[in-house]
Amino acid sequence: MKFYIIAGEASGDLHAANLVRSLKTLDPDFHARGWGGDLMAEHGVHLVKHFRDLAFMGFVEVIANLKTILKNIDFCKKDILDFRPDVLILVDYPGFNLRIAEFASKAGLKVIYYISPQVWAWKQSRVHQIKKYVDEMLVILPFEKEFYQKFDYPVHFVGHPLLDAINNRKETMIPGWKEKNNLTDKPIIALLPGSRKQEISVMLPLMLSVIDDFKNYQFVVGGAPSVPNGVYEELISGTAAKVVYGDTYSLLENSEAALVTSGTATLETALFNVPEVVCYKGNVISYHIARKLIKIKYISLVNLIMDREVVTELIQGELNHKRLVKELQKITVDKINRSKMLEAYKELQQHLGGPGASARAAELILKSAYQNQFP
């Protein structure tokens with residue numbers, strides 16, 4: 001069966017790759033083409049475009065790059081028609097993927113969305129577009145099924161694929177990992193400043209500002225594979241921080257605490273049982289627009305899933321040196337606060353549906369696809 005898969009970010013590449021692994025196990029005739037990253041390519045997807053060329057974040061940035069985005073959409077539409085897949089699988093990335101969903105549906109293609117856009121946070125009107133153009137929606141957060149029910153749109157909750165991504169790791173707690181990466185025996189505080197050059201240039205200097213306040217720790221940056229090494233080297237120059245490239249999971253396994261930019265990494269950090277402080281600072285105009293539109297209490301997946309503040313979120317003006325030091329002390333020096341967070345992490349895992357999300361999603365996709373061929 002032929003699949004066309006579109007993932008526009010690092011997290012989407014990870015989850016799409018694990019989905020592809022399951023699809024290949026179930027379908028010996030699996031053949032795929034798509035947009036994504038190195039992980040999808042490693043699993044046999046013929047990559048048309050890499051997500052590093054698609055990463056525009058914020059209202060202002062999107063407007064500035066609108067010509068490129070529209071050109072990409074036109075190219076994608078033509079490529080889909082030329083390939084003529086049995087199923088189009090869209091992975092999150094709503095601004096782009098919802099346009100493609102409408103086009104593909106009108107072209108008579110089967111459209112399956114894996115990992116729902118965060119329509120529960122803002123632009124709830126997009127639900128009507130999803131109902132019209134998406135044949136099947138597979139959601140990964142427990143509250144999303146109830147959200148869609150309010151719009152009379154049945155969806156499938158498959159569980160969170162991060163549990164699979166972590167469980168599928170070939171290497172865990174590698175002996176000598178610190179020595180291999182030229183690290184000392186000091187406990188590690190991980191710095192995860194994001195996966196885009198734009199956000200890293202804003203977030204990492206703020207995170208690095210606390211180093212002198214925690215002399216008993218070493219600070220290690222998780223370098224994203226899609227970002228050139230030179231970006232990190234320039235930013236950490238003159239500090240005691242080190243960078244580990246393309247090995248964030250091993251970094252988290254060996255860390256005592258973390259400063260994490262809002263996004264999927266906040267949940268990954270929690271699933272590795274690493275106490276964290278969540279950080280976000282964006283373009284001023286984009287932030288104020290988003291603040292008026294977004295309808296959620298929290299920005300981190302940990303707090304959203306738990307529906308309470310488990311991890312501290314430092315947003316915009318609150319993200320400063322003084323607050324970072326204070327909150328980091330709470331999860332390193334303050335053992336009571338640290339223990340409370342780790343207990344909440346146990347509860348979090350119970351909410352996520354257990355391992356097997358990728359396999360459940362693959363089964364649903366193939367069932368739906370074959371029903372389409374043989375109604």
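Everything quoted here is computed from the prediction, not taken from an experiment.
A donor-acceptor distance shorter than 3.5 angstrom exists from the side chain of Asn181 to the backbone of Trp177, with no hydrogens or angles considered. Between the side chain of Ser105 and the main chain of Ala101, no donor-acceptor pair closer than 3.5 Å is present. For the pair Lys242 (side chain) and Asn182 (backbone), a donor-acceptor distance under 3.5 Å is present. Although no hydrogens or angles enter the test, the distance criterion places a donor-acceptor pair under 3.5 Å between the side chain of Gln218 and the main chain of Thr184. A distance-only check finds a donor-acceptor pair linking the side chain of Thr332 to the backbone of Leu328 [under 3.5 Å]. When atom types are taken as modelled, the side chain of Asn320 and the backbone of Lys322 share a donor-acceptor pair closer than 3.5 angstrom. When atom types are taken as modelled, the side chain of Asp135 and the backbone of Val111 share a donor-acceptor pair closer than 3.5 angstrom. No donor-acceptor pair closer than 3.5 Å links the side chain of Arg323 to the backbone N or O of Glu318. In terms of modelled atom types and a separation under 3.5 Å, the side chain of Asp164 and the main chain of Pro355 share no donor-acceptor contact.
Pairs of residues two or more places apart, or lying in two chains, that qualify as ring-ring contact (aromatic ring centres under 6.0 Å, His included) and include a residue from residues 179-233 are Tyr232-Tyr245.
Taking the six-membered ring where the residue is Trp, the centroids of Trp35 and Phe96 are separated by under 6.0 Å.
Electrostatic pairing of Lys367 and Glu363 does not count as a salt bridge here, judged by no charged N lying under 4.0 Å from a carboxylate O. Using a cut-off of 4.0 Å between Lys/Arg side-chain N and Asp/Glu carboxylate O, Lys340 and Glu343 are scored as not salt-bridged. Between Glu347 and Arg308 there is a salt bridge, since at least one side-chain N of the basic residue sits less than 4.0 Å from a carboxylate O of the acidic one.
Between Val119 and Phe147, the shortest heavy-atom contact is CG2-CE2, 3.4 Å. The minimum heavy-atom distance linking Leu47 with Gly37 is given by the pair CD2-O, 3.6 Å. When all heavy atoms of Thr266 and Glu276 are compared, the closest pair comes out as O-OE2, 2.7 Å. Considering all non-hydrogen atoms of both residues, Ser116 and Asp92 come closest at O-OD1, 3.9 Å. Nearest heavy atoms, Val227 versus Ser195: CG2-O, 3.5 Å.
The hydrophobic cluster containing Leu138 does not contain Tyr133, counting ILVMFWY residues as joined when their side-chain heavy atoms lie under 4.5 angstrom apart, directly or transitively. Connection of Val310 to Phe143 is established within a shared hydrophobic cluster, with ILVMFWY side chains joined at heavy-atom distances below 4.5 Å, either directly or through further cluster members. By the criterion of side-chain heavy atoms lying less than 4.5 angstrom apart, applied directly or through intervening Ile, Leu, Val, Met, Phe, Trp or Tyr residues, Leu342 is grouped together with Met306 in one hydrophobic cluster. Leu26 and Phe30 fall within the same hydrophobic cluster, defined by Ile, Leu, Val, Met, Phe, Trp and Tyr side-chain heavy atoms under 4.5 Å apart, directly or through other members. Both Ile5 and Phe75 sit in one connected hydrophobic cluster of ILVMFWY residues. Membership requires side-chain heavy atoms under 4.5 Å apart, directly or through other members.
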Arg196/Glu9 under salt bridge (Lys or Arg N to Asp or Glu O under 4.0 Å): CA gap, chis, key distance, verdict: CA-CA 9 Å; Arg196 302 179 184 92; Glu9 299 174 304; 2.3 Å; yes
side-chain hydrogen bond (donor to acceptor under 3.5 Å, both in side chains) between Asp38 and His50, worked out: CA-CA 8 Å; Asp38 299 339; His50 199 286; 3.1 Å; yes
Test side-chain hydrogen bond (donor to acceptor under 3.5 Å, both in side chains) applied to Lys110 and Ser368, step by step: CA-CA 9 Å; Lys110 183 83 172 182; Ser368 180; 2.9 Å; yes
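In this structure Asp307 satisfies the salt bridge (Lys or Arg N to Asp or Glu O under 4.0 Å) test together with Lys297, sequence neighbours excluded. Under the rule for a salt bridge (Lys or Arg N to Asp or Glu O under 4.0 Å), the partners of Arg33 that lie at least two apart in sequence or sit in another chain are Asp79.
Checked by atom type, the side-chain pair Asn18/His43 shows no donor-acceptor distance below 3.5 Å.
Screening Lys326, Gln329, His321 for a side-chain hydrogen bond (donor to acceptor under 3.5 Å, both in side chains) involving Asp213 leaves a single residue, His321.
Using cut-offs of 30° and 60° for the angle between ring planes, the His31 and Phe83 rings count as tilted. Between Phe272 and Tyr249, the ring planes are tilted. Angles from 30° to 60° get that label.
No cation-pi contact links Lys131 to Phe151, judged by a cut-off of 6.0 Å to the six-membered ring centre and 45° from its axis.
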